[in-house]
Amino acid sequence: DAGVTQSPTHLIKTRGQQVTLRCSPKSGHDTVSWYQQALGQGPQFIFQYYEEEERQRGNFPDRFSGHQFPNYSSELNVNALLLGDSALYLCASSLGGGSGELFFGEGSRLTVL
Amino acid sequence: RKEVEQDPGPFNVPEGATVAFNCTYSNSASQSFFWYRQDCRKEPKLLMSVYSSGNEDGRFTAQLNRASQYISLLIRDSKLSDSATYLCVAQTSNYQLIWGAGTKLIIKP
């Protein structure tokens, strides 16, 4: 039973560039949530996708966008990268719209130079 | 004031000792609470859920005090492998999770 998988695991970008991060949820899960975790901080909620729609959104600018596909996998896109976007981006999957236990992927570590 | 606050630590504790740390939350409408464990440069993993007054799982005990709006985590007979950052999480009525910044625990031999 595959857990949550994320790609890429590490990447380096420069300011102004765009990045796409990918997530495949745990088998049987239909809900994907994305979090940003800066060094020494707890995860910050970006948004959640369920039934291919963004259901909830945290306090992040429109530069952060996402998508969920019919197979429940998801992408996180960040445009016009800033130095402050450097962080670990975590994908978490759950069942039933987010009320169940979250299972996290190992994350994608983004460095913006 | 942060919605979920934790003492960042680090807590330096000898192996075999008992350690406890608290987490306070500001949203009185928070429904459920969780403790996650996060190892260095790894993803968070669920340690315990705290749904009512508290619960126990082996060496770990979590307690909830709704009147004072805090939850606690107690670790007995601490092991070297307990060294990690412990994240406190409050779940709101619309299932959004609010995370604390974590408490770093270091168990020393």
Side-chain angles (χ1 to χ4, degrees), chain A residues 2-7 9-10 21 23-26 29-51 53-60 86-111, chain B residues 1-11 21-27 29-51 55 57 62 70-71 73 84-106:
Chain A
V4 180
T5 58
Q6 292 187 244
S7 63
T9 55
H10 296 80
L21 308 177
C23 172
S24 292
K26 180 178 169 66
H29 283 187
D30 56 9
T31 304
V32 173
S33 302
W34 285 93
Y35 291 83
Q36 179 195 67
Q37 186 175 24
L39 200 60
Q41 300 297 315
Q44 299 294 312
F45 176 71
I46 303 175
F47 41 55
Q48 181 187 84
Y49 278 86
Y50 174 65
E51 295 185 339
E53 290 189 358
E54 183 184 293
R55 294 193 71 193
Q56 295 189 59
R57 189 179 182 92
N59 189 25
F60 278 80
S86 295
L88 179 67
Y89 288 85
L90 294 162
C91 168
S93 76
S94 57
L95 185 62
S99 59
E101 179 182 345
L102 289 182
F103 289 80
F104 283 86
E106 294 187 351
S108 294
R109 189 166 297 280
L110 170 65
T111 301
Chain B
R1 181 186 174 190
K2 292 182 180 178
E3 291 189 67
V4 176
E5 292 202 71
Q6 297 182 251
D7 182 339
F11 284 53
F21 25 84
N22 289 341
C23 160
T24 60
Y25 61 96
S26 60
N27 186 348
S30 296
Q31 299 289 308
S32 304
F33 304 88
F34 307 91
W35 283 103
Y36 276 77
R37 172 201 168 117
Q38 186 171 28
D39 293 296
C40 187
R41 303 183 77 82
K42 295 287 190 180
E43 75 277 19
K45 292 184 179 177
L46 180 65
L47 178 66
M48 297 183 76
S49 303
V50 189
Y51 291 113
N55 57 307
D57 182 4
Y70 76 85
I71 65 172
L73 178 66
T85 295
Y86 291 83
L87 296 159
C88 170
V89 189
Q91 186 175 54
T92 64
S93 55
N94 63 347
Y95 304 119
Q96 190 167 133
L97 298 182
I98 310 298
W99 297 71
T103 296
K104 187 171 184 177
L105 175 64
I106 301 171

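All values reported here derive from a predicted model rather than from experimental measurement. First the proteins, then the strands, lettered A, B, ... as listed; each starts at 1.
At a 4.5 Å heavy-atom cutoff, the contact between Phe104(A) and chain B is made by backbone and side-chain atoms alike.
The side-chain hydrogen bond (donor to acceptor under 3.5 Å, both in side chains) test applied to Arg109(A) returns no partner, not counting sequence neighbours. For Gln38(B), the side-chain hydrogen bond (donor to acceptor under 3.5 Å, both in side chains) partners at least two apart in sequence or on another chain are Gln37(A).
Listed here is the closest heavy atom pair of Gly42(A) and Leu87(B): CA-CD2, 4.2 Å.
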- Query: Are Leu97(B) and Leu102(A) close enough, and set up right, to give a side chain to side chain contact (heavy atoms under 4.5 Å, CB included), and what steps lead you there?
  - Reply: CA-CA 10 Å; Leu97(B) 298 182; Leu102(A) 289 182; 3.0 Å; yes
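You'll find the side chain of Tyr35(A) reaches within 4.5 Å of the side chain of Trp99(B), heavy atoms only.
By the neighbour-count criterion of 12 heavy atoms within 6.0 Å, atom CD of Glu3(B) is sparsely surrounded, having that number or fewer from other residues, nucleotides or ligands. Within a 6.0 Å radius of CD in Glu5(B), more than 12 heavy atoms belonging to other residues, nucleotides or ligands are found.
Your options are Lys42(B), Gln6(B), Gln96(B), Lys45(B), and the one with the most heavy-atom pairs under 4.5 Å with chain A is Gln96(B).
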